[in-house]
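Notes follow once the structure below has been shown.
Since the model is a prediction, treat every value here as computed from it, not as a measurement. Side chains are part of it too, since the values below use all heavy atoms of this structure and drop only hydrogens, waters and symmetry mates. In this chain, residues are counted from 1 in sequence order.
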Amino acid sequence: QVQLVESGGGLVQAGGSLRLSCAASGSFFSINSMGWYRQAPGKQRELVATITSAGVTNYADSVKGRFTISRGNAKHTVSLQMNSLEPEDTAVYYCSADVRIRPGGVLFQYWGQGTQVTVSS
């Protein structure tokens, strides 16, 4: 069993900032990459940012320069610092983790429950 718990969502004015955090818990061997995805009403879920266990990051073009993803030292937590927020950033944000349950086992992608981010104009 793997659980991802997100926090930090809410309502913010355009130009403001929010910091999302996510922690993985349960029984697993290791976590490789972690990331954040978002889904706006009527649209498919899209990648926002990812980070590997080695610290390599990847960002969507729409958030590059405004958002920063980071991991805790234990590598089972991930945060997303969001600055200069725009109304277009409004969406449900989901934490994701690629988890290896057993040594030598395959990776499975797990998802958090999602947290609402609303940016008012």
By ring-ring contact (aromatic ring centres under 6.0 Å, His included), Phe28 pairs with (sequence neighbours left out) none
Please tabulate, for the side chains in residues 97-112, all donor-acceptor contacts under 3.5 angstrom to protein atoms that are two or more places apart in sequence or on a different chain.
{"unit_1": "Asp98", "atom_1": "OD2", "unit_2": "Ser33", "atom_2": "OG", "d": "2.5"}
{"unit_1": "Arg100", "atom_1": "NH1", "unit_2": "Gly105", "atom_2": "O", "d": "2.5"}
{"unit_1": "Gln109", "atom_1": "NE2", "unit_2": "Ser96", "atom_2": "OG", "d": "2.8"}

Sorted by chain and number, sequence neighbours left out, side-chain contact (heavy atoms from CB on, under 4.5 Å) with Glu88 holds for Glu86
So, Thr90 side chain and Val119 main chain: donor-acceptor pair closer than 3.5 Å or not? yes
Separation between CZ (Phe67) and CG (Asp89), nearest 0.5 Å, reads 4.0 Å
Sorted by chain and number, sequence neighbours left out, side-chain contact (heavy atoms from CB on, under 4.5 Å) with Ala23 holds for Thr77
Per side-chain contact (heavy atoms from CB on, under 4.5 Å), Val78 is matched among Ile31, Leu20, Ile69 by Ile69
Mind listing the side-chain donor-acceptor pairs of residues 2-19 below 3.5 Å, one per line with the distance, residues two or more places apart or on another chain?
{"unit_1": "Glu6", "atom_1": "OE1", "unit_2": "Gln113", "atom_2": "N", "d": "3.1"}
{"unit_1": "Glu6", "atom_1": "OE1", "unit_2": "Gln113", "atom_2": "NE2", "d": "3.0"}
{"unit_1": "Glu6", "atom_1": "OE1", "unit_2": "Gly114", "atom_2": "N", "d": "2.8"}
{"unit_1": "Glu6", "atom_1": "OE2", "unit_2": "Cys95", "atom_2": "N", "d": "2.6"}
{"unit_1": "Glu6", "atom_1": "OE2", "unit_2": "Gly114", "atom_2": "N", "d": "3.4"}
{"unit_1": "Ser7", "atom_1": "OG", "unit_2": "Ser21", "atom_2": "OG", "d": "2.7"}
{"unit_1": "Ser17", "atom_1": "OG", "unit_2": "Asn83", "atom_2": "OD1", "d": "2.9"}
{"unit_1": "Arg19", "atom_1": "NH1", "unit_2": "Gln81", "atom_2": "OE1", "d": "3.2"}

| request: Using distance alone, with no hydrogens and no angle criterion, decide if Tyr93 and Arg38 have a side-chain donor and acceptor under 3.5 Å apart. | output: yes
Taken to the nearest 0.5 Å, the spacing of Gln44 CD from Glu46 CD works out to 10.0 Å
When every non-hydrogen atom of Lys43 is compared with those of Gln39, the smallest separation belongs to O-NE2, 3.0 Å
Residue set satisfying side chain to side chain donor-acceptor pair (under 3.5 Å) with Ser30, at least two apart, ordered chain then number -> none
